[in-house]
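Only one structure is covered here, and it is reproduced in the block below.
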Amino acid sequence: MKQLLLTVAIFCGTSLSFAQNINDHRMTFRYIQLPNIKIDNSFDQYELKVEHDYLLANEDSTALHKMRQDAAIASFHQLSDRYHADRDSLDRSYLQSLSTWEKAVAAGSTNADGTPLQKPNPPMYPEPPAYPNIPSPILHSPYDATNINQLVSVEGFEEGMGGIVISIAIQPIQHFPIVKTQKGTGATVKHQYKAPYILPIELKVQSPTQGIILEKTLFTNTMYYNMPDRSSHYDHELYMLDNHGALYSEIEAYARNAALNSTRTYLNNEIGFVTKARSIEAYSVKRFKDYDYSDVTDAFTKMTLALVTVKNDRDRSGAEDKIEEALEAFNAILEESNLHDNKARINDKITAMIQCNIAELLVWKADFDKAEGIANIALNSGEGKAKRHIRDEMGFYADQRKRWEANY
């Protein structure tokens, strides 16, 4: 048993002595994200048009309020006429009974026991109808679109006439009952409130040569406006009593601002040329006593220099030579790859990590077929780090391919 443990210890010690360690480098560089929808290259200007669709809802609400008010007033007048007719009838009957009583008294009539005749009691009138109080509708506030360019812009384009036209139709906000939750107990209790709402935006993008290239209704899901926490539910009721109308105006202003900011993000993702930052893991090899890895370090340096230049051009043409130089350096190293010997200078682990580097470079060269091929090799290499790396990046690579193919 001792001999077996000694043999295992010697084997492990020998294996560790030949184990090359990978250097993980967190690298961040910038690039121009291509749009999902290609705009005719003839146009680099955009014009924003705001349509106030919520005004139609105001007209509908006002018309409906007037209709309800007119109906309520008409009903009030009918009830009032009936009330006065009933009152006149009671007055007539009462006056007739008074007349009979007065004449009888004047004639000396008395009750059977000799007591004076009792004067008739006044009639009991019905409750008069109350004048109707129909609460005015909460109308949507007018939106000042003069500063909309501060909220909505398209990167890679300039504002101006004669290019694409972006129409943004602001819809009426839909309010829902306030949602209450409670946290804590006793003195630490907090009543939390949030107001659900839906505020859609109708978006349309038109090109003089392509026609309608984008038409979509955004933000049809329920969003929430967070209200102040209260230590007592009745404090919230008092707040609502004093601020009911103002609250909905606050929610509307907040919702519009949030929706337009999100519209800008959506527009830039679909048609803009957004400069974005990308953070990746790239790999070299730590110095190892038995082997020289200066060629891997040199290739990694070339990769770094190549990736920092991809931001200069939408088609990455300015980085192409540097990318090719880095690829040649890595491919030269892979010629020495030996997947069957863990002690080899370029063993299976180092091979897989270099393949991860190559896949990244090929994506920025727009050689997506080769990138996918070598990524799949790394994914199936059996090296856990490489597999995790590729799994994390496959979605990004697919998105880059889709955008590239939409534009080139």
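Residue indices begin at 1 and follow the sequence shown.
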Exercise for the section: Locate the shortest heavy-atom distance separating Asn36 from Lys402; write the atom from each residue and the value. Expected result: OD1-CE, 3.2 Å
Practice task
Return the orientation label for the Tyr31 and Phe29 ring planes: parallel under 30°, perpendicular over 60°, tilted otherwise.
Solution key: tilted
Exercise for the section: Compute the ring centroids of Tyr46 and Phe157, then answer whether they are less than 6.0 Å apart. Expected result: no
Exercise for the section: Flag yes if more than 12 heavy atoms outside Lys38 fall under 6.0 Å of its NZ atom; otherwise flag no. Expected result: yes
Handout entry: Ser89 side-chain N/O to Asp86 backbone N/O, donor-acceptor pair under 3.5 Å
Key = no
Handout entry: Atom of Phe43, atom of Gly163 and distance for their closest heavy-atom approach
Key = CD2-CA, 4.0 Å
Problem - Distance in Å, Asn23 CG paired with Met353 CE, rounded so as to fall on 0.5 Å steps - result: 11.0 Å
Practice task
Taking the six-membered ring of Tyr143 (Phe, Tyr or Trp), confirm whether the NZ or CZ of Arg256 is under 6.0 Å from its centre and within 45° of its axis.
Solution key: no
Problem - Sub-6.0 Å ring centroid separation between Tyr131 and Phe76 - result: yes
Exercise for the section: Using the side-chain hydrogen bond (donor to acceptor under 3.5 Å, both in side chains) rule, pick out the option among Thr217, Thr220, Asp53 that qualifies with Gln171. Expected result: Asp53
Problem - Exceeds 12 heavy-atom contacts within 6.0 angstrom, atom CD of Glu237 - result: yes
Practice task
Measure the SG-NZ distance between Cys356 and Lys387 for me, rounded to the nearest 0.5 Å.
Solution key: 12.0 Å
Handout entry: Between OH on residue Tyr408 and CG on residue Asp315, distance to nearest 0.5 Å
Key = 4.5 Å
Problem - salt bridge (charged side-chain N to carboxylate O under 4.0 Å, His left out) evaluation trace for Lys343 with Asp290 - result: CA-CA 10 Å; Lys343 300 176 184 180; Asp290 290 333; over 6 Å; no
Completion exercise
When every non-hydrogen atom of Ile271 is compared with those of Ile166, the smallest separation belongs to CD1-CD1, 4.4 Å
Exercise for the section: Please indicate whether Glu250 has more than 12 foreign heavy atoms, meaning atoms of other residues, nucleotides or ligands, lying under 6.0 Å from its CD. Expected result: yes
Fill in the blank from the handout: The reported gap from CG in Asn380 to CD1 in Ile390 (rounded to nearest 0.5 angstrom) is 10.5 Å
Problem - Cationic N near anionic O, under 4.0 Å, Arg401 to Glu372 - result: yes
Problem - Electrostatic pair Asp24:Lys385 at N-O distance under 4.0 angstrom - result: yes
Exercise for the section: Would you check if there is a donor-acceptor pair between the side chains of Asp40 and Ser207 at a distance under 3.5 Å? Expected result: no
Practice task
Could you pull out the closest heavy-atom pair between Ile32 and Arg316, with the gap in Å?
Solution key: O-NH1, 3.4 Å
Handout entry: Asp298 with Lys302: basic N within carboxylate O range, under 4.0 Å
Key = yes
Problem - Side chains of Arg230 and Tyr193 in contact at under 4.5 Å (non-hydrogen atoms) - result: yes
Problem - Tyr83-Glu127 side chain donor-acceptor pair, cut-off 3.5 Å - result: no
Exercise for the section: Measure the shortest side-chain to side-chain distance between His65 and Ser136 over non-hydrogen atoms and say whether it is less than 4.5 angstrom. Expected result: yes
Problem - Whether Ser75 side chain and Ala71 backbone form a donor-acceptor pair below 3.5 Å - result: no
Problem - Donor-acceptor under 3.5 Å (Asn58 side chain, Leu139 main chain) - result: no
Practice task
Report yes or no: does Ser61 contribute a side-chain atom to a donor-acceptor pair with the main-chain N or O of Ala57 at less than 3.5 Å?
Solution key: yes
Practice task
Would you mind checking if Glu51 and Lys204 are paired as a salt bridge, meaning a charged N to carboxylate O distance below 4.0 Å?
Solution key: no
Completion exercise
In terms of heavy-atom contacts, Tyr266 and Lys216 come closest through OH-CD, 2.9 Å
Completion exercise
CD of Gln69 to NZ of Lys66, rounded to nearest 0.5 Å, is 8.0 Å
Fill in the blank from the handout: Nearest heavy-atom contact between Pro123 and Asp91 is CG-OD1, 4.3 Å
Exercise for the section: Apply salt bridge (charged side-chain N to carboxylate O under 4.0 Å, His left out) to Arg403 and Asp399, showing your working. Expected result: CA-CA 6 Å; Arg403 292 176 184 275; Asp399 183 64; 2.8 Å; yes
Exercise for the section: Anything under 30° is parallel, anything over 60° is perpendicular, the rest tilted; go ahead and classify His244 against Tyr248. Expected result: perpendicular
Handout entry: Residues, nucleotides or ligands: over 12 heavy atoms within 6.0 Å of Glu158 CD
Key = no
